[in-house]
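Note that this is a predicted model, so its numbers are computed, not measured.
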Amino acid sequence: MSTKNSEQIEKHLLFNKNHIPFKKNRVLQIIIFLFLIGWGLTAIRPVNWTYYLLENIPMGLIIIILSIFYKRLQLSNFSYLLIALFFLMNAFGAHYDYGKTPIDEWLKDTFEIKGKHYDLIVHFGYGLLMSYPIKELLSQYTKLHTFWLYIFIFSLIVSLSGTFEIIEMLVNKITNPNNPEKHLGLHHDPFNTQKDMSMAWLGTFLAIVIMIIVNSRKKRK
């Protein structure tokens, strides 16, 4: 296989860390196209329009920032895929006001698990899916390596998880002014906030373990 052909194939790989002009990055274009379709579907008749918009505004701002600084950030397509998946998970939950989603109903009917558990799934997904993109950014713009890099990733995810809980409280306070329990996102569970953050920690821990295993295997080759 010629060097030119190898370079052409490499440009389409998810894990390519070399900067690819957006016009030539077909993989990223496909990811964005599918993401916009999914995002658009969640915007069809949401349970609470105000809640849906408030949940999606931060996501929209992050997308704008990623677009503006695409050349500088130089994230891999895999990172963009993980970010897109998490954003879709959040948009899906926001569509149902993080209430009775089809997944909650399925858990109830299949395993007889009562309660609103999709919220916990999203917090777990946040830790699991966002750890790798953060690792790529930190690897580029800091001198942190190995142990301290993963400690920083975990600490950052944990702090952002707490910040998210505060933002969620403010959003609920705006959309449900007469429901104090909803303000805190308790869902009839006094420990809901602690469970949410614990799931984010668990997702982050699992992501870090996976990254360590993958990196150790790469070094052996």
Look at atom OH of Y70 and say whether more than 12 heavy atoms of other residues, nucleotides or ligands are closer to it than 6.0 Å.
yes

Is atom CH2 of W49 surrounded by more than 12 heavy atoms (other residues, nucleotides or ligands) closer than 6.0 Å?
yes

Tell me whether L82 is reachable from M130 by hopping between hydrophobic residues (I, L, V, M, F, W, Y) whose side-chain heavy atoms are closer than 4.5 Å.
yes

ILVMFWY cluster, I30 and I83 together (side-chain gap under 4.5 Å)
no

Distance from [X] atom [atom1] to [Y] atom [atom2], nearest 0.5 Å?
| X | Y | atom1 | atom2 | answer |
| --- | --- | --- | --- | --- |
| Y52 | N90 | OH | CG | 9.0 Å |
| L34 | L85 | CG | CG | 10.0 Å |
| T204 | L129 | OG1 | CG | 10.0 Å |

Answer with yes or no after comparing the ring centroid distance for Y150 and F154 against a 6.0 Å cut-off, counting only values under it.
no

For residues F35 and Y80, establish whether the separation of their ring centroids is below 6.0 Å.
no

For the residue pair Q74 and Q140, establish whether any side-chain heavy-atom pair is separated by less than 4.5 Å.
yes

Looking at side-chain heavy atoms only, is the closest gap between D97 and P46 below 4.5 Å?
no

Is a side-chain N or O of N25 found less than 3.5 angstrom from the main chain of P21, in a donor-acceptor match?
no

